[in-house]
Amino acid sequence: MSVSVGQPIPDFTSQATSDTVVTPESLKGKQAVIYFYPKDHTPGCTTEGGDFRDHLQAFEATNTIIFGVSRDSLRTHENFREKQGYPFELISDPDEVLCGVFDVIHLKKFMGKESMGVVRSTFLIDANGNLAREWRGVKVKGHVEEVLEAARELNSAA
């Protein structure tokens, strides 16, 4: 079960911060950005979340909500979210269910070691629950601006 551009996102139920439950049905009526990142409290992940935080009003103006996803626990997410002042929810996916839906777990190499891990990826879902755009192997610098532009284009086409 993996998602493809132009197709409805598969069914899932995920727990997020603030006692939020996220399902495809809960996203309908708004565009949604779901971005996957490797780990809370790390430099690249903190920067990426901060970029989404700093552009939140612009995303809201395009009828777009944001969710960050990693395999960290809800407790760690709550601490990370509070410390960074993220005004959006973080989804905890310790069993890699959502990671599997979006196919973001791959073999990674770091300092000569190989392991399976989350590949930084972002997905833009339209207001009908279809995957509109995807970015895989994301580099943080300038990424949020690119996603925002795609959200604007999608919103104006609706």
Side-chain angles (χ1 to χ4, degrees), residues 2-12 14-18 20-72 74 76-93 98-106 108 117-158:
S2 186
V3 66
S4 300
V5 172
Q7 299 298 309
I9 57 173
D11 194 35
F12 65 86
S14 294
Q15 279 297 133
T17 50
S18 303
T20 304
V21 176
V22 182
T23 65
E25 192 61 33
S26 72
L27 302 177
K28 287 197 175 167
K30 289 192 174 279
Q31 297 178 169
V33 168
I34 299 179
Y35 77 95
F36 290 81
Y37 62 96
K39 191 150 184 56
D40 289 346
H41 303 289
T42 58
C45 301
T46 300
T47 299
E48 184 177 26
D51 286 350
F52 277 111
R53 175 197 61 216
D54 296 347
H55 288 84
L56 184 66
Q57 286 186 332
F59 277 102
E60 288 175 341
T62 68
N63 192 37
T64 305
I65 54 176
I66 297 169
F67 292 95
V69 183
S70 81
R71 299 180 294 181
D72 292 297
L74 281 172
T76 301
H77 274 348
E78 292 286 5
N79 291 337
F80 184 48
R81 185 172 173 254
E82 183 178 335
K83 182 176 180 182
Q84 299 305 324
Y86 296 156
F88 49 84
E89 306 303 334
L90 301 178
I91 297 171
S92 177
D93 194 32
L98 199 55
C99 289
V101 167
F102 287 91
D103 188 30
V104 298
I105 302 286
H106 294 277
K108 295 170 68 173
V118 173
V119 174
R120 194 180 306 278
S121 305
T122 302
F123 301 87
L124 176 60
I125 299 159
D126 70 20
N128 296 315
N130 299 310
L131 180 62
R133 291 277 308 269
E134 65 180 11
W135 294 263
R136 295 180 180 274
V138 166
K139 303 291 182 228
V140 173
K141 187 174 172 77
H143 174 63
V144 169
E145 291 84 357
E146 186 179 345
V147 175
L148 177 58
E149 185 55 36
R152 285 181 176 137
E153 289 171 11
L154 184 61
N155 188 56
S156 66

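Two residues are said to be in side-chain contact when any heavy atoms from C-beta on lie closer than 4.5 Å; Pro10 and Val3 meet this criterion. Between Glu149 and Glu153, some side-chain heavy-atom pair lies under the 4.5 Å cut-off. Contact of the Arg81 side chain with the Glu89 side chain is registered, since non-hydrogen atoms from C-beta on lie closer than 4.5 Å. Here the side chains of Tyr37 and Leu90 are in contact, with some heavy-atom distance below 4.5 Å. The side-chain heavy atoms of Thr64 and Asn155, taken from C-beta on, include no pair separated by under 4.5 Å. Residues Val33 and Ile65 have side chains not in contact (no heavy-atom distance under 4.5 Å, counting atoms from C-beta outward). In this structure, the side chains of Arg133 and Leu154 stay at 4.5 Å or more apart for every pair of heavy atoms. In this structure the side chain of Glu134 never reaches within 4.5 angstrom of the side chain of Ser4, judged on heavy atoms.
A perpendicular orientation is assigned to the rings of Trp135 and His143, their planes being inclined by more than 60° (bins at 30° and 60°). Under the 30°/60° scheme for interplanar angles, the aromatic rings of Tyr86 and Phe80 are found to stand perpendicular. Taking the six-membered ring where tryptophan is involved, the planes of Phe36 and Phe123 are perpendicular, since the angle between them exceeds 60° and thus also 30°.
Minimum heavy-atom separation, Cys99 to Val118: SG-CG2, 4.1 Å. Ser14 and Leu98 make their closest contact through OG-CD2, 3.8 Å (heavy atoms, listed as atom of the first residue, atom of the second, distance). Shown here for Asp51 and Val140, the closest heavy-atom pair between the two residues is OD2-CG1, 3.9 Å.
In this structure, Ser70 contributes its side chain and Lys39 its backbone to no donor-acceptor pair below 3.5 Å. With Gln84 contributing its side chain and Thr46 its backbone, the two residues share no donor-acceptor pair below 3.5 Å. For Ser92 (side chain) and Asp72 (main-chain N/O), a donor-acceptor pair under 3.5 Å exists by modelled atom type. Using a distance-only test at 3.5 Å, with no hydrogens or angles considered, a donor-acceptor pair links the side chain of Glu78 to the main chain of Ser18. The backbone N or O of Ala58 lies less than 3.5 Å from no partner atom in the side chain of Arg152, so there is not a single donor-acceptor pair.
To the nearest 0.5 Å, atoms CD1 (Ile125) and CZ (Phe67) are separated by 9.0 Å. In this structure, CD1 on Ile105 lies 9.5 Å from OG on Ser121, to the nearest 0.5 angstrom. In this structure, NZ on Lys83 lies 11.0 Å from CG on Asp40, to the nearest 0.5 angstrom. Separation of atoms CD1 (Ile91) and CG (Leu74) is listed at 10.0 Å; rounding is to 0.5 Å. A distance of 7.5 Å separates CG in Asn128 from NZ in Lys28, rounded to the nearest 0.5 Å. Within the model, atoms CZ of Arg71 and OG1 of Thr76 stand 13.0 Å from one another, a figure rounded to the nearest 0.5 Å.
The only option from Lys141, Lys139, Arg120 that meets the side-chain hydrogen bond (donor to acceptor under 3.5 Å, both in side chains) definition with Glu48 turns out to be Arg120. None of Ile66, Val147, Val144 except one satisfies the side-chain contact (heavy atoms from CB on, under 4.5 Å) rule with His55; the exception is Val144.
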Q: For the pair Val22 and Ile34, evaluate side chain to side chain contact (heavy atoms under 4.5 Å, CB included) and give the outcome as yes or no after the intermediate values.
A: CA-CA 11 Å; Val22 182; Ile34 299 179; 5.6 Å; no

Q: List the steps, then state whether side chain to side chain contact (heavy atoms under 4.5 Å, CB included) holds for Glu146 with Thr122.
A: CA-CA 11 Å; Glu146 186 179 345; Thr122 302; over 6 Å; no

